[in-house]
Each structure stands twice: as C-alpha cells, then as structure tokens.
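Given the structure is predicted, the values throughout are model-derived calculations rather than measurements.
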There are 2 protein chains.
Amino acid sequence: MSRKNKESEHNLPTLADVATRAGVSTATVSRCLNSPGQVQQGTRDRVMAAVQDLGYSPNFGARALAARRTKTIGAIIPTMENAIFARAIQAFQEELHKSGVTLLVSSSSYRQDVEEDQIRTLVARGADGLLLIGHDRSPAIYQFLANRGVPVLICWAYDPSVARLSIGFDNRRAMAGLAAEVLALGHRNIGIISAEFEGNDRARARVSGVQDAMRAQGLDPTTADLIETPYSIENGANALREMMQNSPRPSAVICGNDVLAVGAVQMARALGLAVPGDVSITGFDDIELARVVDPPLTTVHVPHRDMGRQAARLLVDMVAGHPARDSVLLETNLCLRGTLGPPPGSVADS
Amino acid sequence: MSRKNKESEHNLPTLADVATRAGVSTATVSRCLNSPGQVQQGTRDRVMAAVQDLGYSPNFGARALAARRTKTIGAIIPTMENAIFARAIQAFQEELHKSGVTLLVSSSSYRQDVEEDQIRTLVARGADGLLLIGHDRSPAIYQFLANRGVPVLICWAYDPSVARLSIGFDNRRAMAGLAAEVLALGHRNIGIISAEFEGNDRARARVSGVQDAMRAQGLDPTTADLIETPYSIENGANALREMMQNSPRPSAVICGNDVLAVGAVQMARALGLAVPGDVSITGFDDIELARVVDPPLTTVHVPHRDMGRQAARLLVDMVAGHPARDSVLLETNLCLRGTLGPPPGSVADS
DNA sequence: GAGGTCAATGTAAGCGCTTACATATTTTCA
DNA sequence: TGAAAATATGTAAGCGCTTACATTGACCTC
C-alpha cells in the first residue's frame, strides 16, 4: 500500500540515499551529521562527499520526531513595529545561532489571547524553550508549559517576588530613580503617560516607580495625572495634548517608554510649548529614536543587547537541563538629556 | 527494542491516546482535526471532548513528516534592528495568520553567506515557501530552491527584466523622481550616501535612479560624490561629515534610505550647517524616524504594509499551487518635507 | 430485492530520521 | 599472546502523524 509517487513530485534525497551512495548504513550517516567524532575520518569523508553530491539536507520533521528535540527556541514579543524589542531579539538570535539553535519569533500585538495562541503554536512546533516578555499571563498557560516540560525564561522584568526565572531590570526602581531626578528639579505637577496596564506588568511597575518617588518626597501620588494608552508615537502625542488641557498643567510628563515620549515631545512643540522650558518630558528604554528627536530625550537606558545575549545563554542551558539557579538582575542607567529641565518659573530658571 | 521510558520523562498524549479515549480509530481523530466536515457530528464531539480532556496538541514534526507540508513560510530580512522591514513583516505575518500559516523570520545582517545558510535552514525546516528581499543572490541558491520545489517570492524590488516573481516598487524610478525634484530646485553639486552595493540590488538601483535624473538634466553623473556605507544612523552621520570636507561641497545629499538620512541631518546640525539652508538632505522609505527628526525628512514613501499584506497572499497562493502570473508593481510617492530646499545662494533664497 | 451509490469509519503502510543494542574490528597491556 | 577494553559500524525499532484503500451499513432505484 505504498504511496504512489506521482511523477510530478519532487523526490528529495534521503538519509538512506546518502547511505547507499556512501556504502554505509543510515546510522553512520546520521552519526556523521550529528556527532562526527564517532565516525572514522575516511568513512566520514566518503559520507560527506555523498551528501554534497546528492545535495542532501536533513528533513527537519523527521529529525524532530526521532530525536524528540528541535534545536529551536521560540520568542514572543509584543510588537515588531518599533525598535523596542528589535535590538534585544537580534542579540538573542545571534547568540542562539552560536549554539546552533534556531529562533522562531512571533509578535502578539500586546494581546494576551494572541500570545496564548502563539505559545501553544510554538510548543506544538516543538520549541525546546520559550522566551517571553514580562510575567503577566494566565496560570493556565504556565500550567500548560509546565505539563509540557518546556522551559520558559521571562525577560524585560526582574521581580524577586515571583518564583519564575527571569532576566531583566527592576522597572519600578529604575523609573523611581528617573522620577526622583525629575522631582529634585522642583517639579510638583507630574503627568504620567503609560502603556495600558492590562497584561503589562512592566508598565504597572514603572508607574509604581513614579509613585514611589513621589511618596519619598512627601507628595501624594494620586495627584499625578495618569493616562493609559497603547504604545505609539501618535498616542503619546494625543495623550500629551489631552494632559495639557488640564489645570494645573503638569510641568513634567513622565512617559512609560521612548515611543510615547517622542510623540509627547512632538506634540508639545506643535502646541508651541518649549521643551523643557514649558514642559519637561522623559522616556524609558533609550532606543535610537531617543537621540533623534530634538531635544534629545532624557530617558532610562536599558541594556537590550546584553539582555538578549544573556537570555540566550540561560535558555540554552535550561534546555540542556542546567537551569539557572537565580534570576538575573541587570542594571539600567539614567540618560539625562535635553528634554528635562527645571519647571517654568523656578528659581534656577528665572 | 523499544525505547525505555525513563520515569522522569514527560509523556504527552498522542493521537492514539485520543483515539482510544474517544473509542474511534486514529484516522478519525486525524480527520476531526484536519477536515472536520468528513466526520459525523456525534463522533466529532466525542473526539473533541477527548482532545480537551487530555490536553492533546498535535506533534508538529510528525505531522510535517506524514503530510509533507508544514503550513510554514519563511522570511529572511537583512535586519530587525531598525524599522525598515519591521512594518512590512508585521503585515506579512498578520496576513499569513489569517490563512493559518506560521511565519519564521531570520535576519541576515546584510550578509549573503549568512542569508544562504538561513535559506537552507528554513528549507530544511520544511518551509513551504520563502519571502526574500531583493534579487541579488547566487544562481546556486536559486537552483537549490528550484530543486527543492520551494516557491520563492522576492519583495522590495520590481524589475521586469528579471523573470522571478516579485512584488515591490521600482527603486530606480522612484529615486529618479526624487532626484529630479532636487535638481529642479537648482542643486548641481550632489552627494549620494548609499548602502553598500554588494548583494544589494535596491541600493544600486536607487543610485542609478539619481544618475538617470542627472543625465536627464544634462549633468554628468560621475560628478556626484558617492559614499557607500552600511545602513546606520552613525554611518550616515560619518558619511556626511566626510562629504562636507570635499570641495565643491554638495548642496544636496541624497541618501539611500531614511536611516542614513537621519544620521546625515544630525551631523549637519552638529557641524553647524542649516538644513536645508546650507545643505538639503533626502531619504527613502518614509519610516517613523523620518517625521521625528527635525526638520522632517523629505523622502520617498514606500507602501510597506501593503507590500507585506499582498506578499502574504501571493505566497500562500503559490504554495497552494496557484502561482501568480506576473510580478506586482506598487507605487511609491514623494514626501516633500522640511529637509529639502533650494541650494544656498540661489535666487529663491536671496 | 438485487445491485449500486454514498457516507462514515477502520486498517495499516509509510514519512525520514535517531539511537539502543548487537556485532565486528582494533587496540591495549598483563 | 590472549582476553578484556575500546572503537567503529550495522541492524532495526520506533517517533506520532496522514492518507490510500478496505470495509461497513444505510439508502436508493428499477
């Protein structure tokens, strides 16, 4: 009951073809490909020559099926559309490549349901491990992953209160540091433009950081003007416009990331407001955009490349059965640039 | 000689487990999953319940092996690090998703050897089709793809002189249009900052476009100052600095893309040159960055999202055996913004 | 009511690989 | 020099699916 080979069909060379041509068994060919050390030089040469001649390349599905691993790691990022995740992912991929691991990337558009789908898809495709951004997701999906025995590394967040292994920075503390700087200049009317909280623990932590800093100064955090909006330049711009209609008007607007901040800066200028003369604006991430906008953005530098690289090493180890003992905390640092100044009418200013 | 099941091992439910639990054969379960119409309602319900109960999800490798297709399409882009390709890929993925196709993305860092590796990897992984950027690559690799019967769609380029199916725009004509605009303002000393030519037909085509426009004005294209450098803001900046040391100094610098142009604008300002008062600068692509820089960049708008979306549809059709008849030409349009003005000392200027 | 059609399901043969175990060959050293 | 140890290769059993073909039974049609 053999499947008919329609003449039209492509018939690629298989391991068996290579074996025949090289005059060895399929096992030997397989070994040449996977652990060449086990095969004698002469035999190996013969096999490799056959591989070349035939233009053989192994069938991934068969290999995955037989070996029960895929040398594949999956990553799901919220978006590819701006540079926030791109640099980290690029570094992640480069590092994985060194270990012969392939990366599969999907983007979830910041939607939890989409992300869950993608997690399932990646696992079904045999991802040996997964890189995810932030901790926020349903217990059910973590349970699923645990059942499947798929190691997961969380990045972009470091939160010692969560047991899961992660590599990242302390969003809350980093933002608190920036906010402290803002408050130290004398700003008292603070605006916050954040990403939407739902499903985004980083965004919440950053806002908490601002609130921490306010409390530390004896200010009431609830007096801060808060707008939640999806990350985009345009949304940042709109949020700033809205915020500037309030009274009292914030003299400093702290944004959840650089993309929002860039939009805010542009809108401020469009409204005829000087930055930082009339309003100070800060970002978070220090992506390329931060230096392109005029004036350059005061922001928090996140070691994206480093995070990506280290994440790759950790995850490769985890897949190999050497789970890291502890989460990794990376340091961020403040980039004080042109968009932050003293509030209008302050002593330093007059 | 059965493989021992070490007790420690995860043993996921298989199709057979589902079949047993539902009291049907594996074939029926398979049909429920792949072509539910063929199965009676009652049976199907029973099977689906079993799938739920067991938390079954199909093994990708086995499926690919047996079905000889993967519902996967691969794409290789030169870089993820800036936004040039991100928008198109995002749209590409969203559209593929509608057809139940998974996207695998790799980036080649603009290196041909890396790209060939990745092509082979993706094919080995069973990609049913491939999306590639530009035409430039070795005949050997095209031959390989043809042997394997893997359909390929080229994007980012439209060149009727090449037989391969593509979707894109006419880089040469688009750039010629922009250059004509520059020349019409009276610029005669032209600088060109391009990506490196090797392996990048788009870059070459764009420079040819500038030369076409010069010839059309009776100018000698070889008088243009040309610098080739990899795409990055920093490289754009360095190239501009270098160019400004020449004499005569260009009054307009046409850049191969927005990333280079943004770097050029920033360097011009750092050098104390007014843009466009002292030097005009143009880009290509119209990515977000183009509007963020001050003044906003004169550039060529490329319909990235549309290209991505249409590419997905075409490729899905090709994989299904309905190859498109012709390459698709998309229109670009000029975005005349702040960085382009008349040359210094021109009548309009004085 | 015999023969034919059609729909629903079952049977079982692979898909192309890896790897445990068996076998053959060479090396080592008491 | 011979037995044990190490090394190289072969044998063949799956890995978890899909699907061609076989089977079954319900329903028509003349």
Got a list of side-chain donor-acceptor pairs under 3.5 Å for residues 321-330 of chain B, not counting sequence neighbours?
unit_1	atom_1	unit_2	atom_2	d
B:S327	OG	B:S166	N	2.9
B:S327	OG	B:S166	OG	3.4

Atom-pair distance ([atom1] on [X]; [atom2] on [N]), nearest Å:
{"X": "A:R69", "N": "D:dC15", "atom1": "CZ", "atom2": "C1'", "result": "13 Å"}
{"X": "B:D17", "N": "D:dG16", "atom1": "CG", "atom2": "P", "result": "9 Å"}
{"X": "B:L65", "N": "C:dA13", "atom1": "CG", "atom2": "C1'", "result": "13 Å"}
{"X": "A:R148", "N": "D:dG16", "atom1": "CZ", "atom2": "P", "result": "12 Å"}

Check your understanding: Roughly how far apart are B:R68 CZ and A:L12 CG, rounded to 0.5 Å?
Key ->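 The distance works out to 8.5 Å.
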Check your understanding: Would you say a side-chain N or O of B:R68 is under 4.0 Å from OP1 or OP2 of D:dT19?
Key ->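 So the side-chain polar atoms of B:R68 never come under 4.0 Å of the phosphate oxygens OP1 or OP2 of D:dT19.
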Review point. Between A:R63 and C:dT18, does any side-chain N or O lie under 4.0 Å from OP1 or OP2?
Key: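 For C:dT18, OP1/OP2 do have a side-chain N/O of A:R63 under 4.0 Å.
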Check your understanding: Does B:R87 have any salt bridge (Lys or Arg N to Asp or Glu O under 4.0 Å) partners at least two apart in sequence or in another chain, and if so, which?
Key ->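 B:R87 satisfies salt bridge (Lys or Arg N to Asp or Glu O under 4.0 Å) with no residue once adjacent residues are dropped.
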Review point. Can you list every salt bridge (charged side-chain N to carboxylate O under 4.0 Å, His left out) pair that touches residues 34-56 of chain B, not counting sequence neighbours?
Key: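 Qualifying pairs: B:R21-B:D53.
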**Study point:** Strand-adjacent residues in residues 47-61 of chain A, judged by heavy atoms under 4.0 Å from DNA chain C
**Key:**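 Per residue number, the list reads A:Y56, A:P58, A:N59.
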Exercise for review: Please collect all ring-ring contact (aromatic ring centres under 6.0 Å, His included) contacts where either partner lies in residues 109-130 of chain B, sequence neighbours excluded, each pair once.
Suggested key: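 Qualifying pairs: B:Y110-B:Y231.
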Review point. Which nucleotide in the set C:dC17, C:dC15, C:dT19 lies at the smallest distance from any side-chain heavy atom of A:L15?
Key: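 The nucleotide sitting nearest to the side chain is C:dC17.
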Check your understanding: Residues in ring pair (Phe, Tyr, Trp, His ring centres under 6.0 Å) with B:F85, at least two apart?
Key ->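 Ring pair (Phe, Tyr, Trp, His ring centres under 6.0 Å) list for B:F85, sorted by chain: B:W156.
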Exercise for review: Rounding to 10 degrees, work out the angle separating the end axes of the helix from C:dG1-D:dC30 to C:dA30-D:dT1 (five pairs an end).
Suggested key: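 Taking the rotation axis at each end, their angle is 30°.
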Taking only distance into account, with no hydrogens and no angle test, what donor-acceptor pairs under 3.5 Å do side-chain atoms of residues 28-35 of chain A form with protein atoms, sequence neighbours excluded?
unit_1	atom_1	unit_2	atom_2	d
A:T28	OG1	A:S25	OG	3.4
A:S30	OG	A:N34	ND2	3.3
A:N34	OD1	A:R63	NH2	3.4
A:N34	ND2	A:S30	O	3.0
A:S35	OG	A:Q38	NE2	3.3

**Study point:** Counterpart residues, side chain to side chain contact (heavy atoms under 4.5 Å, CB included), relative to A:R164 (two or more places apart)
**Key:**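 A:R164 satisfies side chain to side chain contact (heavy atoms under 4.5 Å, CB included) with A:H135, A:Y142, A:I154, A:V162 once adjacent residues are dropped.
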Practice item. Please identify each residue that fulfils side-chain hydrogen bond (donor to acceptor under 3.5 Å, both in side chains) with A:D113, with sequence neighbours left out. Key: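 In terms of side-chain hydrogen bond (donor to acceptor under 3.5 Å, both in side chains), with neighbours along the sequence ignored, A:D113 is linked to A:R111.
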**Study point:** Non-neighbouring partners of B:D306 that pass side-chain hydrogen bond (donor to acceptor under 3.5 Å, both in side chains), sequence neighbours left out
**Key:**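 For B:D306, the residues satisfying side-chain hydrogen bond (donor to acceptor under 3.5 Å, both in side chains) (neighbours in sequence not counted) are B:Q310.
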Exercise for review: State whether A:R137 and A:E116 are salt-bridged, where the test is any N-O pair (Lys NZ or Arg NE/NH1/NH2 against Asp/Glu carboxylate O) under 4.0 Å.
Suggested key: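 Between A:E116 and A:R137 there is no salt bridge, as every charged N stays at least 4.0 Å from the carboxylate O atoms.
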Review point. If you look at every strand shown and take non-hydrogen atoms under 4.0 Å, does B:T14 touch a base, only sugar-phosphate, or nothing?
Key: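 Since only primed, P, OP1 and OP2 atoms lie under 4.0 Å of B:T14, the category is sugar-phosphate.
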Extract from the structure each pairing of a protein N or O with an N or O of nucleotides 5-10 of chain D at less than 3.5 Å, listing the distance.
unit_1	atom_1	unit_2	atom_2	d
D:dA8	O3'	A:Q40	OE1	3.3
D:dT9	OP1	A:Q40	OE1	3.4
D:dT9	OP1	A:T43	OG1	2.4
D:dT9	OP2	A:Q40	N	2.9
D:dG10	OP2	A:S25	N	2.8
D:dG10	OP2	A:S25	OG	3.1
D:dG10	OP2	A:T28	OG1	2.6
D:dG10	N7	A:R31	NH2	2.9
D:dG10	O6	A:R31	NH1	3.4

